[in-house]
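Note that the structure is a prediction, hence the values are computed from the model and not measured. Every chain is numbered from 1 and lettered A, B, ... according to where its sequence line falls, protein lines coming before strand lines.
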Amino acid sequence: MDILRGFKDILPQEIKRWQKLEETARETLKLFGYKEMRTPLLEKTSLFSRGVGEATDIVEKEMYTFLDKGGESVTLRPEGTAGVVRAYINNHLENSPFRKFYYIGPMFRYERPQKGRLRQFHQIGVEAFGIQDSALDAEIVYIDKIMLDKLGLTDLRIEINNIGCPDCRPKYLKSLKSYFEKYKEKLCDDCKKRLNRNPLRILDCKNKTCKSIASNAPKIHEFVCDGCKTHYEAVKKNLIKIGIKFEENPHLVRGLDYYTKFVFEIITDKLGAQGTVSAGGRYDNLVEQLGGKPTPGIGFASGCERLIELMNYNEEQDIDYYFACMEDYTTCLKLAKELTDKSNKSVYVEYESRSLKSMMKKANKMNANFAVIYGENERKNGIVIVKDMKKSTQEEIKIEKFLENEVKRWQ
RNA sequence: GUGAGUAUAGCUCAGUUGGCAGAGCACCAGGUUGUGGCCCUGGGGGUCGUGGGUUCAAGUCCCACUACUCACCCCA
């Protein structure tokens, strides 16, 4: 029985990094008053087609969509924002004093897996509602950046761009299209298709010819409306003020339709082709689009697997007491149980009949601090042997004294 | 969906012009009859991805399929 393509088991040897990642995210977000939210993995398909955008790749070809037993079309969430917005509207959270949220959990996209890309992957996502001011944009970038700093990630760059709003972007797209139309014959096959579907994407093409044509293409800054322009300029000033370094990338495009005005990505070049570690931006029309009152929003999402790959790790095993029992497992269990009760130390009780030597080997591999030896001799004499694995010393303790002794040791 | 590469022990990988399937690590046991790490000795483990073909003989050559990896596309 094989695991599905693009799905992955996360094993104990890797789990410490996951826990550290989640812990760091929760701590950081708590500092800024963000509250955790958990929304369903499964939603109505229409939430995503309306939220993410009918014409996006995600909706067109990457969703895990099926009919449930009631005949309703449902979809495993391909991203987190749509679900949070739905929950925000459904639960009337506009009346809550807290309108800043985060989530951590799996997302699903039916894509061909490669380095840094899986069909089930995890995101830490952050969403904030109801604030139009550009200071919030800066806060969002700051939180993202500081979280990555706390994880010990280096060599990251932040790229930002202004992608306009539904008022001004169409004008830009139109001009872009007519510009590329002139060079249509020279563009690569992919870009010929993009010309009608999404001319913004041509700006991002890696083909040399397309690149040089794109370098002279009209710039969005010449087309954005006053509102978008003012906002974007203000975000830049705010970022500078709070000491966030960034680069402007006029070719930065987001793949989801709901983004407006300010967008950003945090990128590494250590991950191969999928170097975007975090990305986000403003979505001032999404709440309304999904049936809520007009409410501005902004957020970002980080790819957990990508972050984890960048985290340097020293995963140590951590067992405090390895109980090497040769008989009477129940007595060992009782000792171990009492020890955890009174001391909070971790124990591992060996119930498998093995040689003492093999048990000591195992204790060593588990990096146990102490081995408690209990066999025939100990039982007869009413003692246990407590061996300090680090110092290689051991002593015999009366079994009634064991608990008291060990509790004292850690005080 | 497209392209390229890879597939041999639990893991990482050798395997020459086609000629008895190997190493390191891991695991188990012994050396030390009840004591880990270092060392020494031994052991268990393989439909050589699957199916066909060529050949006296295929891990090796040919074909098909499948899986994985990377890249495109796209994205966290």
Chemist: Please give the distance between the P atoms of B/U54 and B/G59 as a whole number of Å.
Modeler: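 Pairwise P distance, B/U54 against B/G59, rounds to 16 Å.
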Chemist: For B/U41 and B/G18, measure between their C1' atoms and round to the nearest Å.
Modeler: 36 Å
Chemist: Select one nucleotide: of B/A76, B/A71, B/C68, the one nearest the side-chain heavy atoms of A/Gln114.
Modeler: B/A71
Chemist: Can you work out whether A/Arg119 or A/Ala273 has the more 5'-proximal nearest nucleotide on RNA chain B?
Modeler: A/Ala273
Chemist: Ignoring the backbone of A/Lys61, work out which of B/G36, B/A26, B/C73 is nearest its side chain.
Modeler: B/C73
Chemist: Now, which nucleotide makes the Watson-Crick or G-U wobble pair with B/A76, with each of the two distances under 3.5 Å?
Modeler: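 B/A76 is unpaired by these criteria.
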Chemist: Only pairs with both distances under 3.5 Å count, Watson-Crick or wobble alike; so what is the partner of B/A14 in this structure?
Modeler: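 Here B/A14 is not engaged in any pair, so there is no nucleotide opposite it.
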Chemist: Looking at A/Lys115, A/Arg17, A/Gln274, A/Lys270, which hits side-chain hydrogen bond (donor to acceptor under 3.5 Å, both in side chains) with A/Glu309?
Modeler: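 It is A/Lys115, the one option of A/Lys115, A/Arg17, A/Gln274, A/Lys270 that forms the side-chain hydrogen bond (donor to acceptor under 3.5 Å, both in side chains) with A/Glu309.
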Chemist: Among B/C73, B/U35, B/A76, find the nucleotide with the atom closest to the side chain of A/Gln274.
Modeler: B/C73
Chemist: Which one, B/A29, B/G36, B/G34, comes nearest to the side chain of A/Ser355?
Modeler: B/A29
Chemist: Could a donor-acceptor pair under 3.5 angstrom be found where the side chain of A/Lys387 meets the base of B/G36?
Modeler: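 Flag set: donor-acceptor pair detected.
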Chemist: Under a 3.5 Å limit for both distances, which nucleotide forms a Watson-Crick or G-U wobble pair with B/C28, could you say?
Modeler: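 Paired with B/G42.
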Chemist: Say you pick atom P in B/G34 and the same atom in B/C68; how far apart are they, in whole Å?
Modeler: 50 Å
Chemist: Would you mind telling me which residue lines up with the more 5' stretch of RNA chain B, A/Arg5 or A/Leu256, judged by nearest nucleotide?
Modeler: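 Nearest-nucleotide comparison on RNA chain B picks A/Arg5.
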Chemist: Between A/Arg109 (side chain only) and A/Pro78 (backbone N and O only), is there a donor and an acceptor less than 3.5 Å apart?
Modeler: yes
Chemist: Taking only the side-chain heavy atoms of A/Arg112 (C-beta and beyond), determine which of B/A26, B/G34, B/A71 contains the nearest atom.
Modeler: B/A71
Chemist: Among B/C70, B/C27, B/C68, which nucleotide has an atom closest to any side-chain atom of A/Lys365?
Modeler: B/C27
Chemist: Going by atom types only, do A/Ser346 and A/Asp320 share a side-chain donor-acceptor pair under 3.5 Å?
Modeler: yes
Chemist: Determine which nucleotide pairs with B/C61, using a 3.5 Å limit on both distances of a Watson-Crick or G-U wobble pair.
Modeler: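 For B/C61, the partner nucleotide comes out as B/G53, under the 3.5 Å rule.
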Chemist: More than 12 heavy atoms of other residues, nucleotides or ligands under 6.0 Å from OH of A/Tyr64: is that the case?
Modeler: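 Yes.
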Chemist: Out of B/A67, B/G30, B/A76, which has the shortest distance to the side chain of A/Lys357?
Modeler: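 Closest nucleotide among those given: B/G30.
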Chemist: Nearest to the side chain of A/Ser392, which nucleotide is it out of B/U35, B/A76, B/G36?
Modeler: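 Closest nucleotide among those given: B/G36.
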Chemist: Quantified in whole Å, what is the C1' atom distance between nucleotide B/G15 and nucleotide B/A21?
Modeler: 8 Å
Chemist: Can you tell me the Watson-Crick or wobble partner of B/A67, both distances under 3.5 angstrom?
Modeler: B/U6
Chemist: Please state the P separation for the pair B/G24 and B/C63 - nearest whole angstrom.
Modeler: 36 Å
Chemist: What contact category does A/Glu265 fall into here, base, sugar-phosphate, or nothing, at under 4.0 angstrom with non-hydrogen atoms?
Modeler: nothing
Chemist: Under 4.0 angstrom, heavy atoms only, what part of the nucleic acid is A/Gly272 near: base, sugar-phosphate, or nothing?
Modeler: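 Answer is sugar-phosphate: A/Gly272 comes under 4.0 Å of backbone atoms only.
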Chemist: Centres of the A/Phe370 and A/Tyr321 rings: under 6.0 Å?
Modeler: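 Ring centroids of A/Phe370 and A/Tyr321 are less than 6.0 Å from each other.
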Chemist: When the P atoms of B/U55 and B/C70 are compared, how many Å lie between them, rounded to an integer?
Modeler: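 So the two P atoms sit 40 Å from each other.
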Chemist: Between B/A58 and B/G52, how far apart are the P atoms? Round to whole Å, please.
Modeler: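 Per the computed distance, 13 Å lies between those P atoms.
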Chemist: So if I take every side-chain heavy atom of A/Asp57 and compare against B/G37, B/A76, B/C74, which nucleotide ends up nearest?
Modeler: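 Closest of the options to the side chain of A/Asp57: B/C74.
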Chemist: Between the base of B/G1 and the side chain of A/Glu111, is there a donor and acceptor pair under 3.5 angstrom?
Modeler: no
Chemist: Counting distance only, does the side-chain N/O of A/Asn162 pair as donor-acceptor with the main-chain N or O of A/Phe262 below 3.5 Å?
Modeler: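 Side chain of A/Asn162 to backbone of A/Phe262, a donor-acceptor pair under 3.5 Å: no, none is there.
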Chemist: Looking only at side-chain atoms of A/Ile373, point me to the closest of B/G34, B/C27, B/A76.
Modeler: B/G34
